[in-house]
Each structure stands twice: as C-alpha cells, then as structure tokens.
Amino acid sequence: MSSVFDDFVHITGPSEPAVSAALAPPNGVSNDFLQTTKGNRWFTEGVIVSSIRQLHPNYHLTITQAYNCDLLAFANAHDDATYLTHGDPKDGLLERQFNPPARRYNDETGGFFNMRVVFGSYDYIFKGNRFLVYIVEGSDGLGKTQYNYILVENAASGLDQKAAQQQSDELIAAAKQWALELHDEILVFDGGMWQKNPELWQNVQKSNWADVILEKSKKKAIIDDVIGFFKGEERYKEFGVPWKRGVIFYGPPGNGKTISTKALMHDVSKSTSPTISSLYVKSFKSFMGAEFGIRQIFLKARQMAPCLLIFEDIDSLVDITVRSYFLNEVDGLESNHGILMIGSTNHLERLDPGIAKRPSRFDRKYLFEDPSRDERILYCEYWRNKLRNNKKIDFPSEMSVRIADITDGFSFAYMKEAFVAALLVIVARMDEKRILFKHLEDPLSGNILWTEIKKQVENLRKEMEGESSDSSASTGSGMWPTLSTILDEESRPLEIRRDPKPRYM
C-alpha cells in the first residue's frame with residue numbers, strides 16, 4: 001500500500017496483480033479512486049482526501065455529504081451557478097438511468113433520463129466564485145455514501161483560508177437551502193421518512209372551491225380560518241397568542257372533507273408572503289417505531305413552518321399506543337409556531353377526547369354532514385355544467401331538482417357514483433338503436449340519463465340500507481379519492497363494482 005494512505009485507518013486484503021500499463025487508468029484523483037475499487041478499500045473519504053492533498057496542494061478543501069447538497073441539481077436550477085466537466089470526461093464514472101412514466105397509459109411525459117454520478121470532477125462557478133468540485137460515491141460498510149469535495153484555489157487568487165472557507169460555505173448554504181425548499185411538490189411522510197411528491201402537488205392544483213358544494217357560510221368560515229391564520233402572525237403576536245392552530249373536519253364519509261382539504265392546499269400553495277408548505281402524513285409507522293415517526297413528523301413541520309400539516313383519518317393514526325407521545329408533540333415543549341394542523345375523521349366519537357375536546361389542540365371543528373336538498377340540487381347543477389357541451393346528453397335544469405328529490409340521505413360520494421355509473425351505462429349502449437317514447441305527463445320520461453340515474457339511485461339505496469349497521473366499512477372521506485388513494489394508486493383499469501361500498505375513480 002502506498003504511503004499516501006499511511007495517515008488513514010484502513011483494512012487491506014490479499015495483494016492483487018498489478019494492472020498493465022496499457023489498461024491502467026490515467027493519473028490523478030480518478031486513478032486513485034478506480035485503483036482502490038477492488039475490495040481493499042474501506043474508507044473512501046480517506047483515499048480521496050489523501051489524493052486531493054497531493055494533487056492540489058494550493059487549494060482549500062471542504063467536504064460535505066451530497067445526499068442533501070446536490071450541487072449539480074442546484075446549478076441546473078439557478079442562473080448564478082454553472083458547471084463544466086473538469087479534464088477528460090472519460091475519467092468520470094456516470095450511470096445513465098431511465099425513469100419510466102408514473103402511468104403506462106396516456107402519460108404525457110414519456111419518462112425521462114438522468115445521470116447518477118459515481119465519480120466526477122467539475123469546474124464550478126457560483127456568483128462569480130470559481131471552484132473545483134469532486135463528487136465521489138463510495139461503498140463503505142453496509143451502504144453507499146456520496147460526498148462533495150469542494151476546492152478553492154487560495155494561493156493563485158490570493159485568498160486566505162478564512163476567505164476561501166467563506167466562499168465554500170456560501171455555496172453549501174445556498175445548495176442546502178434550495179434542497180430544503182419544495183419545488184412544485186408536497187411532502188409526504190410514509191414508511192418512516194419524508195418524500196417530495198410532485199404528482200400529489202399536480203393533483204392538488206386541479207382542486208378549487210368551485211368543486212366544493214358547501215353552505216356559503218361554512219365554506220367562507222373554513223377559508224377564513226385557514227388562510228386568515230397564515231396572514232395573521234402579527235395579530236397573534238400583538239395579543240400574545242401562540243401562532244399555532246388545529247382544525248378537525250368530521251362527518252360521514254363522502255361529503256367533502258378531502259376535496260376541501262385539497263382546495264386549502266391549493267390556496268396556500270399560491271401564497272408568496274409567506275410561502276406555505278403542505279405536509280401530508282400517510283402513516284406514523286417507521287423502521288424505529290411509531291413514536292420515532294411522530295418525532296420526525298413534527299421536527300420537519302417545525303423546520304418547514306409556516307406550513308399546513310395534514311392528518312387524514314386521524315382517528316386511525318392516533319391509537320392508544322402513541323396517544324401520549326402524539327399529544328406531547330402537539331402541545332410542544334418545543335415551539336409549534338406557524339403550524340396549522342388539519343385532522344379529518346369519519347368517526348368523531350372514536351377520536352381520543354384529548355384530541356377532540358381539549359382546547360388549544362384542535363380547537364375548531366367543522367361537520368361535513370349528508371347534503372341537504374338544496375346542496376343536492378347544487379351538486380346536480382355541478383354535473384349539468386360539466387356535461388353542458390355533450391351533445392349526446394340532454395340534461396335540463398328540471399332534472400337536477402328531480403334527482404335531488406330521489407337522493408335524500410345520499411352523500412356526495414353516493415351521488416357521484418350514481419352519475420358515473422349511469423354515464424358508463426349510456427356510453428356502453430350508445431351504439432344501440434333504441435326508440436324511447438315520451439309520456440306527456442312526464443317530460444323526462446324519454447330521457448336516457450334520467451332513466452339510468454333512477455336505476456342507479458335505486459341500486460345504491462338498497463346497498464345503503466343493507467350496510468347501515470356496518471358504518472365502519474368505509475375509509476373514504478371525500479367526494480374525490482382520499483389523498484392516500486392518490487398516492488397508492490398510480491394507475492388502474494376502469495371497472496364497475498358492486499361492493500358494499502362504492503369505489504371512486
């Protein structure tokens with residue numbers, strides 16, 4: 001082993017035959033890296049530092065982990081940062097990867113390629129300052145680690161060690177801050193870790209309050225509560241009130257809790273002063289237990305504040321085993337400044353009283369009950385508006401009132417199922433040549449949509465009556481799929497079901 005390794009702890013294996021001159025890689029840091037990828041290296045960082053010290057004695061060196069400081073991605077996203085490959089590109093080791101589209105069918109992107117750097121060196125410029133950057137991945141121990149080796153030439157430029165370090169620190173701070181921010185993404189906690197999810201963000205951008213059928217006063221109160229919270233930091237401070245809040249959406253499934261949450265997420269994503277992040281908790285489970293998961297959730301929320309922290313089906317998340325730990329994080333010896341929590345549940349009676357009834361935790365509750373007749377008419381008008389340009393469907397305004405009359409006790413989700421199922425039947429029969437005769441006493445008697453809607457409503461009412469004693473079967477909490485459903489179901493074929501509870505697409 002060469003003397004350049006003498007200052008480092010290392011483990012050596014049996015000696016291997018020397019590489020012939022014709023096959024040997026070029027001299028330099030890449031040579032030292034490639035020469036030690038034979039199983040006789042344990043401490044990659046030590047090898048690279050030793051090589052850099054010898055080849056670049058006049059440079060100031062700073063090392064930082066690359067997993068949360070992606071210098072190349074940072075430069076790609078900023079006008080004041082650029083980079084070019086240093087030296088011969090053949091000295092690098094890059095893996096080209098293809099990321100297939102999230103959906104096989106009708107995907108607009110078609111997937112994309114990216115490059116993973118195993119070893120690379122780059123001439124890097126940030127705000128006019130020049131750097132030589134090595135990015136090296138090593139297989140040390142049980143996993144792989146990647147480091148940035150950032151060099152500033154202090155001899156030729158006349159910089160002292162302090163000034164050189166300041167330039168490197170400025171680059172690292174900017175890159176890490178950029179990595180912390182969300183870029184058209186929503187943070188999702190699942191499997192014990194946070195992940196940035198652009199697909200959920202895109203889904204949320206399609207949501208707006210025009211799609212939410214609620215009493216105007218209730219809708220306004222919800223918007224004012226949430227948006228007003230984020231705009232009211234100074235008012236909270238003026239009156240000495242902690243700037244944190246908790247809201248519960250509750251009521252039978254299928255009446256707008258999820259779509260209202262998504263509309264709020266859409267609203268806060270447009271805020272610029274301050275910028276507001278949305279964090280969605282799918283599960284507390286983690287490789288170190290649920291308590292560790294809860295801890296990571298609130299640490300991230302405090303880091304990202306001001307933010308919206310969402311617990312969907314909170315009654316199933318907070319069970320007796322984690323109740324105390326969860327409440328301690330909510331009450332917070334550590335500050336929860338700027339965090340607004342939204343918890344949704346189909347069963348308020350199952351929610352721990354410490355959450356549902358204790359002031360200063362979730363102190364505002366909104367009931368999403370089965371829609372009234374007027375709300376059912378509005379929902380039918382919503383569908384009439386969606387179908388207004390379809391020349392094959394006749395949907396007069398009178399039909400909205402008639403459908404509302406026969407759907408008493410229906411949730412919005414059941415009404416949606418009636419519309420979707422009826423339209424699917426109409427699509428399947430579109431090629432059939434049928435003559436429908438109108439009865440003078442009923443102007444809707446020959447209307448195919450009205451005919452199929454009545455059939456679907458009758459079928460759904462039988463299902464509702466058959467399942468009235470089994471209210472726990474439902475997990476859906478909105479007019480549209482739950483947020484967890486959006487995350488879980490990347491793609492699935494169209495199918496018509498007749499399960500005890502309808503599935504929604």
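Everything numeric here is computed off the predicted structure, so don't read it as measured data.
With respect to the salt-bridge test (charged N to carboxylate O, under 4.0 angstrom), the residues Glu329 and Arg302 qualify. A salt bridge is defined here as a Lys NZ or Arg NE, NH1 or NH2 lying under 4.0 Å from an Asp or Glu carboxylate O, and Lys127 with Glu170 meets this definition. The pair Glu312-Lys282 does not count as a salt bridge, with every side-chain nitrogen at least 4.0 angstrom from each carboxylate oxygen. We find that Arg130 and Asp123 are not joined by a salt bridge, their nearest charged nitrogen and carboxylate oxygen being 4.0 Å or further apart.
Under a 3.5 Å cut-off, the side chain of Thr275 and the backbone N or O of Thr272 do not form any donor-acceptor pair. The closest donor-acceptor contact from the side chain of Lys262 to the backbone of Gln205 lies at 3.5 Å or more, if one exists at all. With hydrogens and angles ignored, the 3.5 Å screen pairs no side-chain donor or acceptor of Ser277 with any backbone N or O of Cys307. The closest donor-acceptor contact from the side chain of Ser51 to the backbone of Val47 lies at 3.5 Å or more, if one exists at all. A distance-only check finds a donor-acceptor pair linking the side chain of Lys365 to the backbone of Ala356 [under 3.5 Å]. Of the possible donor and acceptor atoms, one in the side chain of Arg388 sits under 3.5 Å from a partner among the backbone N and O of Asn385. Listed for the Lys244 side chain is no donor-acceptor partner under 3.5 Å among the backbone atoms of Arg361. For Thr261 (side chain) and Lys257 (main-chain N/O), a donor-acceptor pair under 3.5 Å exists by modelled atom type.
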Practice task
Test side chain to side chain contact (heavy atoms under 4.5 Å, CB included) on Lys237 and Glu234 and set out the steps.
Solution key: CA-CA 5 Å; Lys237 183 178 180 181; Glu234 291 303 318; 4.2 Å; yes
Handout entry: Stepwise side chain to side chain contact (heavy atoms under 4.5 Å, CB included) test for Ile222 and Phe249
Key = CA-CA 10 Å; Ile222 292 173; Phe249 293 165; 3.9 Å; yes
Problem - Derivation of the side chain to side chain contact (heavy atoms under 4.5 Å, CB included) call for Phe311 and Val318 - result: CA-CA 10 Å; Phe311 302 97; Val318 184; over 6 Å; no
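Checked by atom type, the side-chain pair Tyr67/Gln146 shows no donor-acceptor distance below 3.5 Å. Between the side chains of Gln165 and Thr62, at least one donor N or O lies within less than 3.5 Å of an accepting N or O. Side chain to side chain, Glu291 and Tyr325 fail the donor-acceptor criterion of an N or O pair below 3.5 Å.
Ile227 pairs by the side chain to side chain contact (heavy atoms under 4.5 Å, CB included) definition with Ile223, Lys231, Asp267, Val268, not counting sequence neighbours.
By the 4.5 Å heavy-atom criterion applied to side chains, Phe412 and Lys416 are not counted as neighbours. Looking only at side-chain heavy atoms (C-beta outward), Leu171 and Asp169 stay at 4.5 Å or farther from each other. No side-chain heavy atom of Leu308 sits under 4.5 Å from any side-chain heavy atom of Leu279. Considering only heavy atoms from C-beta on, His56 comes within 4.5 Å of Leu132 through its side chain. Taking 4.5 Å as the limit, some side-chain heavy atom of Val330 sits within range of a side-chain heavy atom of Phe298. For the pair Ile259 and Ser207, the minimum side-chain heavy-atom distance is below 4.5 Å. Within the 4.5 Å cutoff, no side-chain heavy atoms of Phe229 are placed close to those of Asp225. Between His183 and Trp178, the closest side-chain pair of non-hydrogen atoms falls below 4.5 Å.
No close placement of the Phe284 and Phe189 rings is indicated, their centers lying 6.0 Å or farther apart.
The local environment of CZ in Phe239 is sparse, with at most 12 non-hydrogen atoms from other residues, nucleotides or ligands closer than 6.0 Å. Within 6.0 Å of the NZ atom in Lys90, the count of heavy atoms belonging to other residues, nucleotides or ligands does not exceed 12. Other residues, nucleotides and ligands contribute more than 12 heavy atoms inside 6.0 Å of the NZ atom of Lys218.
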Throw together a table of side-chain donor-acceptor distances under 3.5 angstrom for residues 73-80, partners on residues two or more places apart or in other chains.
{"unit_1": "Asn76", "atom_1": "OD1", "unit_2": "Tyr83", "atom_2": "OH", "d": "3.2"}
{"unit_1": "Asn76", "atom_1": "ND2", "unit_2": "Leu72", "atom_2": "O", "d": "3.2"}
{"unit_1": "His78", "atom_1": "ND1", "unit_2": "Phe74", "atom_2": "O", "d": "2.9"}

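A cation-pi arrangement is found for Arg96 relative to Phe113, the charged atom lying closer than 6.0 Å to the ring centre and inside a 45° cone about the ring normal.
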